[in-house]
Amino acid sequence: MARISASVYTSHVPAIGAALDLGKTQEPYWQPVFQGYEFSKHWLKQAKPDVIFLVFNDHATAFSLEMIPTFAIGTAAEYAVADEGWGPRPVPKVIGHPELAAHIAQSVIQDDFDLTIVNKMDVDHGLTVPLSLMCGQPPQSNFAWPCPVIPFAVNVVQYPVPSGRRCYNLGRAIRKAVESYDEPLNVQIWGTGGMSHQLQGPRAGLINRKFDNDFLDRLIADPAGLAQVPHIDYVREAGSEGIELVMWLIARGAMSDAPPKVLHRFYHVPASNTAVGHLILENT
Ligand code: DHB
Ligand code: FE
């Protein structure tokens with residue numbers, strides 16, 4: 001039986017990808033951001049997941065206003081790195097896990113969550129920046145991410161967006177799906193995006209440290225309560241793009257009911273226009 005061993009939460013700021021790709025990680029502005037992921041890179045190497053189920057949002061890259069799936073599961077064998085306007089990032093393509101993805105789709109759809117099945121999708125910074133933060137730059141001699149990844153895209157860009165409650169319950173259905181897969185796979189689930197940020201309008205640049213840190217506290221200790229927070233509260237308190245945080249509730253919902261072990265917690269402002277938050281929770 002497969003099992004979810006741990007969950008990882010991290011912001012996905014595109015400028016972090018550019019800083020990595022341009023070799024700027026030791027510059028004074030960026031050094032404190034990347035410092036927050038040093039523990040994580042070592043941890044991931046020894047945790048050795050077989051598959052990462054990576055919850056992220058597409059930023060009008062693979063999808064557009066022409067088609068807006070609320071929840072989309074990647075069932076492809078591989079995914080190309082998207083060109084977001086400056087050419088694709090110089091990172092490896094993403095290898096999928098079609099068998100586990102198809103199993104999860106079957107189980108979760110039968111559990112009444114409507115997923116869109118995606119067999120072709122270019123993945124943008126929402127997925128590649130978390131991989132870069134957690135894995136570092138793969139060496140040219142072995143230019144690959146450490147394991148297969150199942151991309152799971154959530155619409156948090158075009159309203160209506162799913163509630164935190166639905167995301168949390170979906171996470172529970174994903175846990176059940178993974179635990180009913182025959183092979184003994186070590187699966188991690190990552191929730192990405194956030195934390196507080198607003199990229200547009202009169203409040204552009206908004207950061208709310210209190211909201212972010214309360215969110216981290218409650219994500220650890222009271223996820224079911226946190227899941228009741230309505231989306232309008234995210235937008236008011238954490239900015240229009242702060243709504244990306246509902247994706248963290250999918251990963252949290254997929255964890256066991258027993259309290260998790262907090263392996264790492266990090267918070268830093270600023271990175272570009274965004275507050276960077278990061279957590280690693282292990283199932284006990
Ligand atoms: C920024 C942050 C995001 O989450 C994003 O998707 C795009 C831009 C930013 O900080 O500039
Ligand atoms: Fe974003």
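Hydrogens, waters and symmetry mates are skipped; everything else that's a heavy atom, side chains included, is used. As the structure is a computational prediction, the values presented were derived from the model and not from experiment. Every number for a ligand or one of its atoms is a count from 1 in the order of the listing. Starting from 1, each residue takes its place in the sequence as its number.
Of all protein heavy atoms, the one lying nearest to atom 11 (O) of ligand 1 is Asn273 ND2, 2.8 Å. Of all protein heavy atoms, the one closest to atom 3 (C) of ligand 1 is His197 NE2, 3.5 Å.
Heavy-atom contacts of Thr274 reach the following atoms of ligand 1: 1 (C), 2 (C), 9 (C), 10 (O) (cutoff under 4.0 Å). Atom numbering of ligand 1 starts at 1 in the shown order; those under 4.0 Å from a heavy atom of Val13 are 10 (O).
Checked options Ile280, Leu279, Leu245; the residue passing with Tyr9 is Leu279 (criterion: side-chain contact (heavy atoms from CB on, under 4.5 Å)).
Taking 4.5 Å as the limit, some side-chain heavy atom of Asn213 sits within range of a side-chain heavy atom of Arg265.
Contact between Ala15 and ligand 1 is absent, with no heavy atom of the residue lying under 4.0 Å from the ligand. Using a 4.0 angstrom heavy-atom cutoff, Glu241 does not count as in contact with ligand 1.
At distances below 3.5 Å, not a single donor-acceptor pair connects side-chain atoms of Gln188 with backbone N or O atoms of Ile52. The backbone N or O of Gly194 sits less than 3.5 Å from a side-chain atom of Glu244, completing a donor-acceptor pair. Remark: side-chain polar atoms of Ser11 are paired, donor with acceptor, to backbone N or O of Gly277 under 3.5 angstrom.
For Arg165, the CZ atom sits in a loose shell: 12 or fewer heavy atoms of surrounding residues, nucleotides or ligands are nearer than 6.0 Å.
Qualifying side chain to side chain contact (heavy atoms under 4.5 Å, CB included) partners for Asn273, counting only residues two or more places apart in sequence or in other chains: Leu199.
Using a cut-off of 4.0 Å between Lys/Arg side-chain N and Asp/Glu carboxylate O, Asp50 and Arg3 are scored as not salt-bridged.
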Legend entry - Pair Asp222-Arg252, salt bridge (Lys or Arg N to Asp or Glu O under 4.0 Å): steps then yes or no: CA-CA 10 Å; Asp222 177 28; Arg252 187 64 181 89; over 6 Å; no

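Of the candidates Pro14, Ala275, Ala204, the one placing a heavy atom closest to atom 1 (C) of ligand 1 is Pro14.
Ordered by chain and number, His12 NE2, His59 NE2, Glu244 OE2 make up the set of protein N, O or S atoms under 2.8 Å of the Fe ion (ligand 2).
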